[in-house]
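Inspection log for the structure reproduced underneath, given as structure tokens.
Below, chain A is the first sequence line, B the second, and so on; all start at residue 1. The model shown is predicted, which means the values in this text are computed figures rather than measured ones.
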Protein chains: 2
Amino acid sequence: MSSSVQRKRIRKSPEARRAEIVATAARIALTEGLECVTLRRVAEELSVRPGLISHYFPSAEDLVAEAFSTAALGELDTLLPAERPDGTPAQYLARYFALSSGEAYDDISRLWINARHLSRYRPVLRERVTRMELASDDRLETLILDGVARGEFRTGDARSAAIQILVVLDGLGAHANSDRTDRPPAVARLALSTAERALDLPPGTLDAPGATGTLPLEYSPTEAAEAAVPRAAAATTVAVTVADPADTAAEADADA
Amino acid sequence: MSSSVQRKRIRKSPEARRAEIVATAARIALTEGLECVTLRRVAEELSVRPGLISHYFPSAEDLVAEAFSTAALGELDTLLPAERPDGTPAQYLARYFALSSGEAYDDISRLWINARHLSRYRPVLRERVTRMELASDDRLETLILDGVARGEFRTGDARSAAIQILVVLDGLGAHANSDRTDRPPAVARLALSTAERALDLPPGTLDAPGATGTLPLEYSPTEAAEAAVPRAAAATTVAVTVADPADTAAEADADA
DNA sequence: TTGCTTATTGGTCGCACACTCAATAGCATC
DNA sequence: GATGCTATTGAGTGTGCGACCAATAAGCAA
């Protein structure tokens, strides 16, 4: 009888518990959406009471913002790692484009759409979105500068090139919730061709066979997000039926 | 004493009432967000009881979808009119880009971000989003084909060119809730340069002084949306304090 | 004027949410 | 083994939402 629900309290250090909460919130944000990051939902996932989540995040808005930051940073580190020991800048750039056209990338696209919309109403989240946009710009700019230094790329304004590329990727990702099967080839290659033009590369360079060198092309969004958390304590993986989180955006601040 | 609230019932024809409801919902969607399109909110705006809205839209999801369609179609008709009696295709295209970099365009960008996110959870809305995307593609493709026929543009695939342009505009519009003040010139011109490249136009053609000919460049998003409604009966304009609609997305379908 | 159709109301129900706070019980320390 | 700190619970408050339905009254037709 005592097997169904957890009856004994498990007392953890604040740091471990907080990390666990953030990791869970980030996973929910990535797979189900930021509106699903609620006190109840996170608590249920961790088999604790909602009040405990409130204890660590007195304002739920902060938890949502933290969930987004953690998830987005984890993805960024996977897609555009800060350390690039295994290949050239051109190879890492080619790998980035390869990953961004894969199906696993849809989760990230959805997360960004979600965050950009929700940030309309949530100042804390908006600040985090801006910060993560800058982080992405920086990361890609650094890659480009490195490539320029090695003579792989040629551009007079690495940051402008980086932002142009990211804008196009945002445009392509905007349709992550729609059907994109009959997308013309020139559209599917739009990010690539934008990069090739901005970096003065011969057309076809970045998606040529072998353009990624020996870099691995597999990754799992969820795992990447969890790896971004300092210490993701024993997070019980629970099969989740995605509900309908579409109604949570507009009401929260009405009571403020 | 009887002036504060409306006490006498006003009975309208179903067609007029329905049009009034849709027009109001579309205006709320455009200015405050789709999550603010609730039975209570629309009813309050029209000084009727929420039950009446339910009577015309037994499922609230249908009302939200209708609000999006109406608002988006109104905007499309303003930005890319189906009839173009006052100028050449190049002039209308130049006008489109001019409008899309104006501040009034932010409302449209926000609406699309909103709809693309919300459509993740709402099948009815998703279908409408897809339909409106196709309508936008068609409208721009037709414009381009017309320009090609007149010798203004040159492309072998008008539809691909249209979609490329729209994808870039989506990418630029994705940041409608963020700060974009320090955007590099090449980024701000990205849609233009994409069009110039896809349509084989000399750089600078579309934003050259006089590129829009004598076409007017003013428009009001809200008015455009209301004009899209067949008959927007006496819609009382009420000053609205925007609340926080960010929490309404995820919960609605949980009860289904 | 009377009567009928139905647009409109008023009230209710259940649900999910964030937030609050006193009471409880792990667990480390002595 | 007793003690104290505090992580954690349990219970409750108030809000907004969609959905439902019987009662009401507006306005047209006879």
Side-chain angles (χ1 to χ4, degrees), chain A residues 5-21 25 28 32-44 46-65 118 121-122 124 233 243-256, chain B residues 5-21 25 28 32-44 46-64 121-122 124 233 243-256:
Chain A
V5 289
Q6 184 160 9
R7 51 178 61 264
K8 185 160 167 52
R9 293 185 181 183
I10 297 183
R11 188 186 175 110
K12 301 189 176 181
S13 76
E15 302 73 35
R17 186 63 92 181
R18 190 186 175 89
E20 189 183 48
I21 291 171
I28 295 173
E32 301 171 45
L34 291 167
E35 289 87 350
C36 289
V37 178
T38 64
L39 303 183
R40 285 170 166 74
R41 184 77 185 72
V42 174
E44 181 195 11
L46 292 171
S47 300
V48 298
R49 306 284 105 211
L52 183 61
I53 314 297
S54 277
H55 175 69
Y56 286 96
F57 290 90
S59 165
E61 186 174 352
D62 292 338
L63 176 59
V64 172
L118 210 54
Y121 309 104
R122 314 259 167 144
V124 182
D244 177 352
D247 296 312
T248 357
E251 317 148 5
D253 302 294
D255 50 357
Chain B
V5 290
Q6 184 160 8
R7 51 178 61 263
K8 187 159 166 49
R9 292 187 182 182
I10 296 183
R11 189 185 173 110
K12 301 188 175 182
S13 76
E15 301 74 37
R17 186 64 93 184
R18 190 184 175 91
E20 190 183 48
I21 291 171
I28 294 174
E32 300 170 47
L34 291 167
E35 289 86 351
C36 289
V37 178
T38 64
L39 303 183
R40 286 169 168 77
R41 183 76 184 75
V42 174
E44 181 196 11
L46 291 171
S47 302
V48 298
R49 305 285 102 210
L52 183 61
I53 314 298
S54 275
H55 175 69
Y56 285 95
F57 289 90
S59 165
E61 186 175 351
D62 292 339
L63 175 58
V64 172
Y121 310 104
R122 314 260 169 144
V124 183
D244 176 351
D247 297 311
T248 358
E251 315 147 7
D253 301 292
D255 50 358

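When each of D/dA19, D/dT9, C/dA18 is scored by its nearest atom to the side-chain atoms of A/Leu39, the top-ranked nucleotide is C/dA18. Considering only the side chain of A/Arg49, D/dG10 comes nearest among D/dG18, D/dT8, D/dG10. Nearest to the side-chain atoms of A/Arg17 among the listed nucleotides D/dG18, D/dT8, C/dT8 stands D/dT8. Closest to the B/Val48 side chain, of the nucleotides D/dA19, C/dT9, D/dT9, is C/dT9. The side chain of A/Lys8 approaches C/dG26 more closely than any other nucleotide in the set C/dG26, C/dT20, C/dT9.
Among the heavy atoms of the strands lying under 4.0 Å from A/Arg40 is at least one base atom, whether or not backbone atoms are also near. Counting any heavy atom pair closer than 4.0 Å across all strands shown, A/Pro58 reaches sugar-phosphate atoms only and no base atom. Residue A/Tyr56 is in sugar-phosphate contact alone, with no base atom involved, counting any heavy-atom pair closer than 4.0 Å across all strands shown.
Note that CD of B/Glu35 is 8.0 Å distant from CG of A/Leu118, once rounded to the nearest 0.5 Å. We find the OH-CD distance between B/Tyr121 and B/Glu61 to be 13.5 Å, quoted to the nearest 0.5 Å. Separating the CG atom in B/Leu46 from the NZ atom in B/Lys12 is a distance of 7.5 Å, to the nearest 0.5 Å. Residue B/Leu39 holds its CG atom at 4.0 Å from OG of B/Ser54, rounded to the nearest 0.5 Å. To the nearest 0.5 Å, atom CD1 of residue A/Ile21 and atom CD1 of residue A/Ile53 are 4.0 Å apart.
Close to D/dC17, at under 4.0 Å from its OP1 or OP2, lies a side-chain N or O of B/Thr38.
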Using the 3.5 Å cut-off, write out each protein N or O paired with an N or O of nucleotides 4-6 of chain D and the distance between them.
unit_1, atom_1, unit_2, atom_2, d
D/dT6, O4', A/Arg11, NH2, 3.2
D/dT6, O2, A/Arg11, NH1, 2.9
D/dT6, O2, A/Arg11, NH2, 2.9

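For A/Arg18, the side-chain contact (heavy atoms from CB on, under 4.5 Å) test picks out A/Tyr56, A/Phe57, with sequence neighbours left out. Contacts of B/Arg40 classified as side-chain contact (heavy atoms from CB on, under 4.5 Å), with partners at least two apart in sequence or in another chain: B/Thr38, B/Pro50. The side-chain hydrogen bond (donor to acceptor under 3.5 Å, both in side chains) search around A/Arg17 returns A/Glu20, not counting sequence neighbours.
Positionally, the nearest nucleotide of DNA chain D for A/Gly51 lies more toward the 5' end than for the other of A/Gly51 and B/Ser59.
Between A/Ile53 atom CD1 and C/dT20 atom P the separation is 16 Å, expressed in whole Å. Between A/Arg41 atom CZ and C/dC15 atom P there is a gap of 19 Å when expressed in whole angstrom units. Atom-to-atom, NZ of A/Lys12 to P of C/dA28 comes out at 14 Å; the value is rounded to the nearest Å. Rounded to a whole Å, the CD atom of B/Glu44 is 13 Å from the C1' atom of D/dG16. For the pair A/Glu61 CD and C/dC17 C1', the computed distance is 15 Å after rounding to whole Å. Rounded to whole angstrom, the span from the CD1 atom of B/Ile21 across to the C1' atom of C/dA7 amounts to 11 Å. In this entry the distance linking CG of B/Leu46 with C1' of C/dA7 reads 14 Å, nearest Å.
Donor-acceptor pairing under 3.5 Å, judged by distance alone, is present between the side chain of A/Arg9 and the base of D/dT8.
Minimum heavy-atom separation, A/Val37 to A/Val42: CG1-CG2, 4.2 Å. Shortest non-hydrogen contact noted between B/Ala25 and B/Leu63 is CB-CD1, 3.8 Å.
Across the helix from C/dT1-D/dA30 to C/dC30-D/dG1, the helix axis at one end is tilted relative to the axis at the other end by 10° (nearest 10 degrees, each axis from five pairs).
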